[in-house]
Amino acid sequence: MNSYERIYAVVRSIPRGTVATYGQVARLAGNPRWARVVGYALHVNPDPDGIPCYRVVDRNGCTSSAFAFGGSDIQKALLEADGIPFLPDGRVDLAACQWNPNQEIL
DNA sequence: TGGATGACCTCCG
DNA sequence: ACGGAGGCCATCC
């Protein structure tokens with residue numbers, strides 16, 4: 001599906017050191033209501049090496065406990081490796097590292 | 001083809 | 001602030 005292609009393209013475009021939310025990715029993909037589809041697309045994640053799904057978090061900055069591609073700890077490590085700070089709550093500091101698409105357009 | 005599900009988001013009580 | 005239900009789109013069986 002072209003839908004997945006777009007979603008993957010957006011996720012792949014997420015700069016290192018920043019994170020994006022499902023809704024945001026969906027919006028950038030072209031459809032604000034693809035939030036669930038984005039999650040599904042990442043679930044099937046055909047290229048985990050090129051598609052850093054760990055950079056995609058929910059609206060609160062935390063990932064789903066259902067299937068964190070190996071574990072929430074792994075994700076935390078990967079994000080920290082990218083230079084993404086974490087909050088005491090155990091969530092990603094969206095206020096500090098949330099991806100700003102406008103910066104890419106600039 | 002139809003029904004059910006999902007790594008979500010938002011509103012209402 | 002917390003819990004529950006609905007909506008939305010695409011994919012899977």
Side-chain angles (χ1 to χ4, degrees):
Chain A
M1 269 313 170
N2 217 15
S3 318
Y4 277 33
E5 301 277 325
R6 274 184 237 174
I7 294 170
Y8 296 143
V10 175
V11 178
R12 211 178 306 164
S13 299
I14 300 176
R16 178 176 166 280
T18 57
V19 295
T21 64
Y22 291 95
Q24 200 162 29
V25 173
R27 195 184 320 178
L28 295 171
N31 294 51
R33 287 112 188 188
W34 278 6
R36 301 184 76 163
V37 184
V38 171
Y40 209 96
L42 292 177
H43 178 78
V44 294
N45 194 356
D47 185 12
D49 187 56
I51 304 171
C53 43
Y54 60 87
R55 285 185 194 160
V56 185
V57 294
D58 64 7
R59 210 41 179 112
N60 292 307
C62 54
T63 50
S64 189
S65 52
F67 188 74
F69 52 81
S72 52
D73 296 324
I74 305 300
Q75 184 191 24
K76 189 175 179 182
L78 291 168
L79 291 174
E80 288 184 318
D82 272 1
I84 296 172
F86 272 80
L87 292 173
D89 307 64
R91 292 180 252 180
V92 181
D93 191 351
L94 293 175
C97 62
Q98 185 171 26
W99 181 29
N100 188 340
N102 289 327
Q103 292 181 343
E104 300 302 302
I105 299 171
L106 288 176

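Chain letters run A, B, ... following the sequence lines, proteins first, then strands; residues in each count from 1.
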Whole-Å gap separating [atom2] ([N]) and [atom1] ([X]):
X	N	atom1	atom2	answer
A/Glu5	C/dA10	CD	P	15 Å
A/Arg27	B/dC8	CZ	C1'	13 Å
A/Arg6	C/dT11	CZ	C1'	16 Å
A/Asn45	B/dA7	CG	P	14 Å
A/Arg33	B/dG6	CZ	P	23 Å
A/His43	B/dC8	NE2	P	11 Å
A/Leu42	C/dT11	CG	P	14 Å
A/Asn31	C/dT11	CG	P	12 Å

Any side-chain heavy atom of A/Phe86 sitting closer than 4.5 Å to one from A/Arg91?
no
Atom pair [atom1] ([X]) and [atom2] ([Y]), whose distance is rounded to the nearest 0.5 Å:
X	Y	atom1	atom2	answer
A/Thr63	A/Tyr22	OG1	OH	7.0 Å
A/Asn60	A/Leu87	CG	CG	11.0 Å
A/Asn31	A/Arg6	CG	CZ	6.5 Å

Nearest of C/dC8, B/dA7, C/dA10 to any side-chain atom of A/Arg36?
C/dC8
Ignoring hydrogens, what is the shortest heavy-atom contact between A/Trp99 and A/Gln24? Give both atom names and the distance.
O-NE2, 3.3 Å
Under 3.5 Å, which N/O atoms of the protein pair with N/O atoms of nucleotides 9-13 of chain B?
unit_1 : atom_1 : unit_2  : atom_2 : d
B/dC9  : OP1    : A/Arg59 : N      : 3.0
B/dC9  : OP2    : A/Arg59 : N      : 3.3

Would you say the side-chain atoms of A/Asp82 and A/Tyr54 include a donor-acceptor pair closer than 3.5 Å?
yes
